[in-house]
Amino acid sequence: MENITKGAVVLKSAPTAVDMGLINAQSIRELKAEEVFLFRIAACDNQVDRDFECFSDAALEALSKLFVGRTVLSDHRWSSSGQMARVYAAAVEKESGVSRLILSCYMLRNDAAAPAIDAIEAGILREVSVGVAVKTATCSICGTDKAHGYCEHRPGKAYDGTLCTVELGDPADAYEVSFVAVPAQREAGVVKSYGGDKEPPKNVSNLDTSGGEDRKKRLSAQIELEKIKFVEEVPSNESEAETV
């Protein structure tokens with residue numbers, strides 16, 4: 001099980017009585033509608049993305065429960081100073097055959113948050129990355145779980161006329177939502193890892209696994225998040241599934 005960071009898009013929203021009830025379930029004191037600014041994040045869906053991966057419908061439903069209560073960060077800063085907002089509700093919405101995870105978020109309307117709110121309303125601050133951990137990553141060609149094993153099939157390659165894709169499933173955690181300046185790839189860019197061998201297994205030595213599973217998970221996530229800041233977009237191979 002490793003960590004996956006996916007691109008997302010911010011949408012406008014307005015408070016209702018139902019929203020305020022859910023928001024106040026997160027807050028210590030009761031907030032009023034005029035005190036909060038709401039926005040929604042179109043996080044991820046069940047469509048094959050540019051890495052030839054997709055979430056299963058069951059995974060999206062599970063993520064809708066895991067994301068409630070998660071904080072919204074700025075630039076992947078895992079500290080209290082990086083906190084900007086909080087997810088108060090999440091749901092899977094379906095339209096034209098597409099299932100999409102929508103995160104409802106709130107932030108306080110105050111002087112500190114004013115620049116961010118202005119940037120969101122102006123459409124300047126709208127790229128977001130959402131991070132999750134999944135337990136399975138199933139090859140569409142042979143059914144191998146790439147999160148735990150190796151197969152020779154590569155996402156984006158065709159085998160006997162069938163495109164290889166990977167279905168991500170069985171979410172274990174939703175650990176981050178973050179505003180970013182530049183996504184890793186065009187449109188809903190992605191930097192992700194779900195474990196397993198991308199090459200035939202090799203001997204591994206001198207691996208420092210001290211500190212327990214929590215430490216290893218955090219270090220792995222930090223490595224993936226650092227990649228987002230420096231990934232240089234590479235033109236896609238024109239011969240590989242341009243219509244996906």
Side-chain angles (χ1 to χ4, degrees), residues 1-13 23 26 36-45 49-51 53 55 59-60 62-91 100-110 112-134 168 171-194 214-215 217-233:
M1 181 183 69
E2 293 292 338
N3 302 292
I4 298 174
T5 305
K6 282 194 163 288
V9 178
V10 174
L11 307 172
K12 294 180 179 179
S13 186
I23 289 169
Q26 298 291 330
V36 296
F37 172 77
L38 307 190
F39 58 95
R40 304 201 308 160
I41 296 173
C44 49
D45 56 41
D49 63 19
R50 291 200 168 200
D51 282 341
E53 297 178 354
F55 284 98
L60 294 176
L63 287 172
S64 70
K65 298 176 177 61
L66 291 171
F67 263 111
V68 175
R70 292 294 186 263
T71 189
V72 181
L73 306 176
S74 174
D75 293 322
H76 299 297
R77 286 184 291 162
W78 288 19
S79 66
S80 58
S81 63
Q83 291 179 298
M84 297 180 64
R86 190 167 298 276
V87 178
Y88 68 87
R100 183 172 289 108
L101 176 62
I102 303 295
L103 308 179
S104 298
C105 311
Y106 76 96
M107 61 171 50
L108 289 175
R109 287 186 178 273
N110 54 33
I117 293 173
D118 288 344
I120 292 172
E121 291 183 324
I124 296 171
L125 191 62
R126 65 182 180 186
E127 284 77 26
V128 180
S129 289
V130 291
V132 302
V134 298
L168 306 173
D173 196 8
Y175 63 89
E176 177 182 9
V177 187
S178 182
F179 281 102
V180 295
V182 182
Q185 297 180 346
R186 297 185 298 272
E187 299 176 5
V190 183
V191 169
K192 53 185 178 291
S193 171
Y194 42 73
D214 288 343
R215 180 175 182 275
K217 176 181 175 182
R218 183 177 178 85
L219 289 174
S220 177
Q222 286 176 327
I223 290 170
E224 292 302 319
L225 296 175
E226 283 300 314
K227 290 179 183 178
I228 290 178
K229 300 176 183 177
F230 301 106
V231 169
E232 180 178 359
E233 184 177 302

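Heavy atoms only: backbone and side chains are in, while hydrogens, waters and symmetry mates are out.
We find the CG-SG distance between L101 and C44 to be 4.5 Å, quoted to the nearest 0.5 Å. Note that the CD1 atom of I41 and the CD1 atom of I102 stand 9.5 Å from one another [nearest 0.5 Å]. If you take CG on L168 and CD on E53, they are separated by 5.0 Å, rounding to the nearest 0.5 Å. To the nearest 0.5 Å, atoms SG (C105) and CZ (F37) are separated by 10.5 Å.
Proximity of a side-chain donor or acceptor of R109 to a complementary backbone N or O of V36 within less than 3.5 Å is detected. Within the 3.5 Å criterion, the main-chain N or O of V87 finds no donor-acceptor partner in the side chain of R70. Listed for the N110 side chain is a donor-acceptor partner under 3.5 Å among the backbone atoms of A112.
Here the shortest heavy-atom pairing between Y88 and V68 reads O-CG1, 3.9 Å. Of all the heavy atoms in A85 and Y106, the pair that sits closest is CB-O, 3.0 Å. L63 approaches A174 most closely through the heavy-atom pair CD2-CB, 4.5 Å. Residues R86 and T71 share a closest heavy-atom pair of NH1-N, 3.9 Å. Closest of all the heavy-atom pairs between L103 and A90 is CD2-CB, 3.7 Å. Scanning all heavy atoms of the two residues, the minimum distance from M84 to L73 falls at SD-O, 3.9 Å.
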**Request:** Evaluate side chain to side chain contact (heavy atoms under 4.5 Å, CB included) for Q83 paired with V72, printing each intermediate quantity in order.
**Result:** CA-CA 6 Å; Q83 291 179 298; V72 181; over 6 Å; no

**Request:** Decide yes or no on side chain to side chain contact (heavy atoms under 4.5 Å, CB included) for Y175 and L66, but give the supporting numbers first.
**Result:** CA-CA 9 Å; Y175 63 89; L66 291 171; over 6 Å; no

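A ring-centre distance under 6.0 Å is found for F179 and F39.
In this structure, V128 and V177 have side chains that are in contact, with non-hydrogen atoms separated by less than 4.5 Å.
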